[in-house]
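Worksheet: one structure, shown below.
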Amino acid sequence: MSTKAEQFASKIRYLQEYHNRVLHNIYPVPSGTDIANTLKYFSQTLLSVLRDAPSERGLQSRDAHLSDYPSLDYQGLYVTLVTLLDLVPLLQHGQHDLGQSIFYTTTCLLPFLSDDILSTLPYTMISTLATFPPFLHKDIIEYLSTSFLPMAILYHCQLLECLMKYKQEVWKDLLYVIAYGPSQVKPPAVQMLFHYWPNLKPPGAISEYRGLQYTAWNPIHCQHIECHNAINKPAVKMCIDPSLSVALGDKPPPLYLCEECSQRIAGDHSEWLIDVLLPQAEISAICQKKNCSSHVRRAVVTCFSAGCCGRHGNRPVRYCKRCHSNHHSNEVGAASETHLYQTSPPPINTRECGAEELVCAVEAVISLLKEAEFHAEQREHELNRRRQLGLSSSHHSLDNADFDNKDDDKHDQRLLSQFGIWFLVRKEVN
């Protein structure tokens, strides 16, 4: 009888054979569903390993955790899963089954991977947005936001809010996308920049742009298998211990817990619980601190840390300049919580704006203004083409409305230049 390690290795070879058959069109070519069914073996095996692992391990190093598990070819499985990502866009049948199976199996594999692999995992998975069919994009974002990014601690509002919890000055990253990214990624970057930083928009300004419209993402519900009415209980804590996740949720980490369920285990396992923020239902333009006494209540900072969010329904909270200073200027001492907050882009005509920020802001504005210039060049090209064909302007008119409505996507692309003007105006006077 073969050992578990031999069975594990043998199943990996099955996956590699599937990969070879699809890639070289060797009969019989497996479908995505065939490969997904094989992946079920790995997810079930990995969960059983986590169930059998010691439950009382404390906050050991990652190497110590890995030494507690059986010696299976975890890295070989991960490398094979990455190669299977290339098959999803090639398959005629079962794309959705295979895509979801790869993501779920990778989630089950997270506790067994080294730090080096975990550090690159989010980049590997987010790259699938460029190759996977659109009907899988929602799954990609969900796994990135709820599993891959949180467990690794490292164009979607849910993903951006996840990033803003772990990284400051995300506005700078959006400006880089606008300044140097390809044309198809500029619209969502622009919309998210002006949505999460509403003070960039001039008072009373209205845009006709019809691109990405923000809808608050749905909160994650409690995943404790014994939670009563879990569908109505949003998660406020995330458990990252693999053994607890399997024991309490029958799933790989992280395990999301509501307030009631998290309090049940907090006494013995508080070191494994991490705060989870609810989605930002709206982005307030004014300070959200109760009893704010500032004369200028315009919100300029969004705090994503538990100390502030806990007083605001476990959601990110917006502060004016004065309240921000009062809450965050006394973060000293080893026991104090260092708050992570998102500031607003500095005015580009002051010393607050560094050389890097200045160059990036100017390039972003130029990039947006060129959208209108490109539209004008297209219109002139069309006029010249019609003249060469001998078409009279009376028979085939080409006024602005006719040309703009001819292609709604191009019309919206031209309207992106409006955001460049708004950004320039606001950052000159703010």
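When reading the values below, keep in mind they use all heavy atoms of this one structure, side chains included, and skip hydrogens, waters and symmetry mates. These numbers come from a predicted model, not from an experiment.
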Can you give me the closest heavy-atom contact between [X] and [Y], atom names plus distance?
X: Pro219; Y: Pro234; value: CB-CB, 4.1 Å
X: Ser293; Y: Arg322; value: O-NH1, 3.5 Å
X: Tyr341; Y: Cys303; value: CB-CA, 3.7 Å
X: Pro122; Y: Leu144; value: O-CD2, 3.8 Å
X: Gly94; Y: Thr33; value: CA-OG1, 3.8 Å
X: Ser101; Y: Leu39; value: CB-CD1, 3.7 Å

Handout entry: side-chain contact (heavy atoms from CB on, under 4.5 Å) between Leu81 and Leu85, intermediate numbers included
Key = CA-CA 7 Å; Leu81 288 172; Leu85 294 174; over 6 Å; no

Short side-chain to backbone donor-acceptor contact, [X] and [Y], under 3.5 Å:
X: Ser48; Y: Thr45; value: yes
X: Trp197; Y: Thr343; value: yes
X: Ser145; Y: Glu142; value: no
X: Arg298; Y: Cys320; value: no
X: Lys251; Y: Leu47; value: no
X: Ser43; Y: Lys40; value: yes
X: Gln223; Y: Gly249; value: no
X: Ser344; Y: Val300; value: yes
X: Asn314; Y: Gly310; value: no
X: Ser305; Y: Gly307; value: no

Any side-chain heavy-atom pair from [X] and [Y] closer than 4.5 angstrom?
X: Thr107; Y: Thr146; result: no
X: Trp272; Y: Lys237; result: no
X: Thr128; Y: Phe103; result: yes
X: Pro345; Y: Leu200; result: yes
X: Leu340; Y: Gln342; result: yes
X: Val365; Y: Ile421; result: no
X: Phe112; Y: Leu50; result: yes
X: Pro242; Y: Tyr69; result: yes

At what distance, to the nearest 0.5 angstrom, does [atom1] of [X] lie from [atom2] of [Y]?
X: Asp275; Y: Leu277; atom1: CG; atom2: CG; value: 7.5 Å
X: Ile140; Y: Ile126; atom1: CD1; atom2: CD1; value: 9.0 Å
X: Cys261; Y: Ile225; atom1: SG; atom2: CD1; value: 10.5 Å
X: Cys239; Y: Leu255; atom1: SG; atom2: CG; value: 6.0 Å
X: Cys292; Y: Asn326; atom1: SG; atom2: CG; value: 9.0 Å
X: Leu257; Y: Ile265; atom1: CG; atom2: CD1; value: 5.0 Å

Handout entry: Over 12 non-hydrogen atoms of neighbours within 6.0 angstrom of NZ in Lys138
Key = no

Handout entry: Gln75, CD atom: more than 12 neighbouring heavy atoms under 6.0 Å
Key = no

What do you reckon, are the aromatic ring centroids of [X] and [Y] less than 6.0 Å apart?
X: His137; Y: Phe132; result: no
X: Phe194; Y: Phe419; result: yes
X: Tyr256; Y: His221; result: no

Fill in the blank from the handout: side chain to side chain donor-acceptor pair (under 3.5 Å) with His324: of His328, Lys321, His327, only one passes, and it is His328

Problem - ring-ring contact (aromatic ring centres under 6.0 Å, His included) against Tyr104, all qualifying residues, sequence neighbours excluded - result: none

Exercise for the section: With sequence neighbours excluded, tell me which residues meet ring-ring contact (aromatic ring centres under 6.0 Å, His included) with Tyr14. Expected result: none

Once the angle between the rings of [X] and [Y] is folded into 0 to 90°, is it parallel (under 30°), tilted (30 to 60°) or perpendicular (over 60°)?
X: His96; Y: Phe135; answer: tilted
X: Phe148; Y: Tyr143; answer: parallel
X: Phe8; Y: Tyr41; answer: tilted

Exercise for the section: Kindly write out the residues that satisfy side-chain hydrogen bond (donor to acceptor under 3.5 Å, both in side chains) with Asn232, not counting sequence neighbours, or none if the list is empty. Expected result: Asn229

Problem - Asp86 vs Leu23, side-chain contact (heavy atoms from CB on, under 4.5 Å): CA-CA, chis, key distance, verdict - result: CA-CA 9 Å; Asp86 298 333; Leu23 210 59; 5.7 Å; no

Practice task
Verify side-chain contact (heavy atoms from CB on, under 4.5 Å) between Thr106 and Val82, making sure each step is shown before the conclusion.
Solution key: CA-CA 9 Å; Thr106 304; Val82 172; over 6 Å; no

Exercise for the section: In sequence, state the C-alpha distance, the side-chain angles, and the governing distance for Ser367 and Lys186, and then conclude on side-chain hydrogen bond (donor to acceptor under 3.5 Å, both in side chains). Expected result: CA-CA 9 Å; Ser367 175; Lys186 289 180 187 177; 2.6 Å; yes

Practice task
Apply the test side-chain contact (heavy atoms from CB on, under 4.5 Å) to residues Leu72 and Lys4: give CA-CA distance (whole Å), side-chain angles for both, the deciding distance (0.1 Å), then the verdict.
Solution key: CA-CA 8 Å; Leu72 303 178; Lys4 179 180 285 190; 4.1 Å; yes

Exercise for the section: May I ask you to check whether Lys11 and Thr38 show a side-chain donor-acceptor distance below 3.5 Å? Expected result: no

Exercise for the section: Examine the side chains of Arg318 and Ser284 and answer whether a donor and an acceptor come within less than 3.5 Å of each other. Expected result: no

Practice task
May I have the step-by-step check of side-chain hydrogen bond (donor to acceptor under 3.5 Å, both in side chains) for Arg264 and His269, ending in yes or no?
Solution key: CA-CA 9 Å; Arg264 266 191 252 157; His269 306 288; over 6 Å; no

